[in-house]
Amino acid sequence: MSDVAKIAPIAGSLARPSVLSLNIKEKAALYAAYMPYLKNGGIFVPTVKPYKLGDSVYLLLSILDDPTKFPIAGKVAWITPSGAHQNKSQGIGVHFSDDEGGINARKRIEEVLSGTLKSSRITHTL
């Protein structure tokens, strides 16, 4: 057996994270998508692509008119399937990692949403 054959199964088992892009243009849409109850924060991403809980994803997030794109590594923590109760949008909740990208995105989102996080308005999640 060659060295390549010994290494191939290990390399093949490391799946690359799916790359998603989300551009939120309104404060109300950001409020509806943000998941403050997750330890590192998170966000709902509309998608029809199938995911499983725990899948790794890489998200490029744009918020309102801020030119910054936040690169966020995360994991799928929430799944809203097609045909969900109360006509909720199909998609996934991405739990931000505790690295610089996740921390910076959470800080910026919470700055934008300051004063509205305790609202009882309907969201894409709970």
Side-chain angles (χ1 to χ4, degrees):
M1 183 182 269
S2 73
D3 290 337
V4 174
K6 291 178 190 172
I7 295 171
I10 294 170
S13 66
L14 299 175
R16 290 180 51 194
S18 179
V19 178
L20 300 165
S21 181
L22 180 62
N23 185 8
I24 297 181
K25 297 181 180 193
E26 299 173 357
K27 189 174 178 178
L30 180 61
Y31 171 81
Y34 185 54
M35 303 168 93
Y37 47 83
L38 294 177
K39 180 180 177 184
N40 302 317
I43 199 146
F44 177 81
V45 181
T47 181
V48 295
K49 184 177 177 189
Y51 286 91
K52 295 182 211 143
L53 291 176
D55 281 354
S56 292
V57 295
Y58 187 79
L59 176 64
L60 292 173
L61 176 64
S62 299
I63 302 169
L64 307 177
D65 57 359
D66 189 335
T68 305
K69 284 194 184 260
F70 294 93
I72 306 164
K75 300 248 184 225
V76 175
W78 178 281
I79 298 172
T80 303
S82 122
H85 182 65
Q86 298 178 341
N87 294 324
K88 293 214 180 242
S89 297
Q90 181 177 356
I92 59 171
V94 176
H95 186 196
F96 299 161
S97 63
D98 62 357
D99 65 7
E100 185 178 358
I103 291 167
N104 289 339
R106 182 178 186 167
K107 274 189 209 176
R108 181 65 183 127
I109 291 168
E110 291 184 356
E111 284 172 6
V112 171
L113 295 178
S114 66
T116 61
L117 288 175
K118 303 277 186 210
S119 173
S120 60
R121 289 185 302 183
I122 295 174
T123 69
H124 291 296
T125 58
L126 295 177

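Annotation for V112 and K27: closest pair O-CE, 3.1 Å, computed over non-hydrogen atoms. For the residue pair P71 and Y58, the shortest heavy atom distance occurs at CB-OH, 2.9 Å. Taking both residues in full, the closest heavy atoms of I24 and A33 are given as CD1-CB, 4.1 Å, listed atom of the first, atom of the second, then distance. Nearest heavy-atom pair across H95 and K39 is NE2-N, 3.6 Å. When all heavy atoms of A73 and D99 are compared, the closest pair comes out as CB-OD2, 4.2 Å. What you find for Q90 and P81 is that their closest heavy atoms are CG-C, 4.0 Å.
Using a 4.0 Å cut-off between charged side-chain N and carboxylate O, R108 and D66 make a salt bridge.
Placement of I63 and I103 in two distinct hydrophobic clusters is found when ILVMFWY residues are connected by side-chain heavy-atom separations under 4.5 Å, directly or transitively. L60 and I43 fall into different hydrophobic clusters, where Ile, Leu, Val, Met, Phe, Trp and Tyr residues are linked whenever their side-chain heavy atoms come under 4.5 Å apart, directly or through other members. Clustering ILVMFWY residues whenever any of their side-chain heavy atoms sit less than 4.5 angstrom apart, transitively, puts L113 in the very cluster that holds L61.
The backbone N or O of K69 lies less than 3.5 Å from no partner atom in the side chain of S62, so there is not a single donor-acceptor pair. With N104 contributing its side chain and K107 its backbone, the two residues share no donor-acceptor pair below 3.5 Å.
The CG atom of N40 lies 5.0 Å from the CG atom of D98; values are rounded to the nearest 0.5 Å.
Between I92 and L20, the closest side-chain pair of non-hydrogen atoms falls below 4.5 Å. Here the side chains of Y34 and R106 are in contact, with some heavy-atom distance below 4.5 Å.
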Donor-acceptor pairs under 3.5 angstrom involving side-chain atoms of residues 44-53: please list them, not counting sequence neighbours.
unit_1, atom_1, unit_2, atom_2, d
T47, OG1, K49, N, 3.1
K49, NZ, S18, OG, 3.1
Y51, OH, S18, OG, 2.7

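At most 12 heavy atoms of other shown residues, nucleotides or ligands fall within 6.0 angstrom of atom CD in E26.
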Next on the checklist: Under the criterion side chain to side chain contact (heavy atoms under 4.5 Å, CB included), I'd like the reasoning laid out for I109 against F96: C-alpha separation, chi angles, the key distance, then a yes or no.
Outcome noted: CA-CA 12 Å; I109 291 168; F96 299 161; 4.0 Å; yes
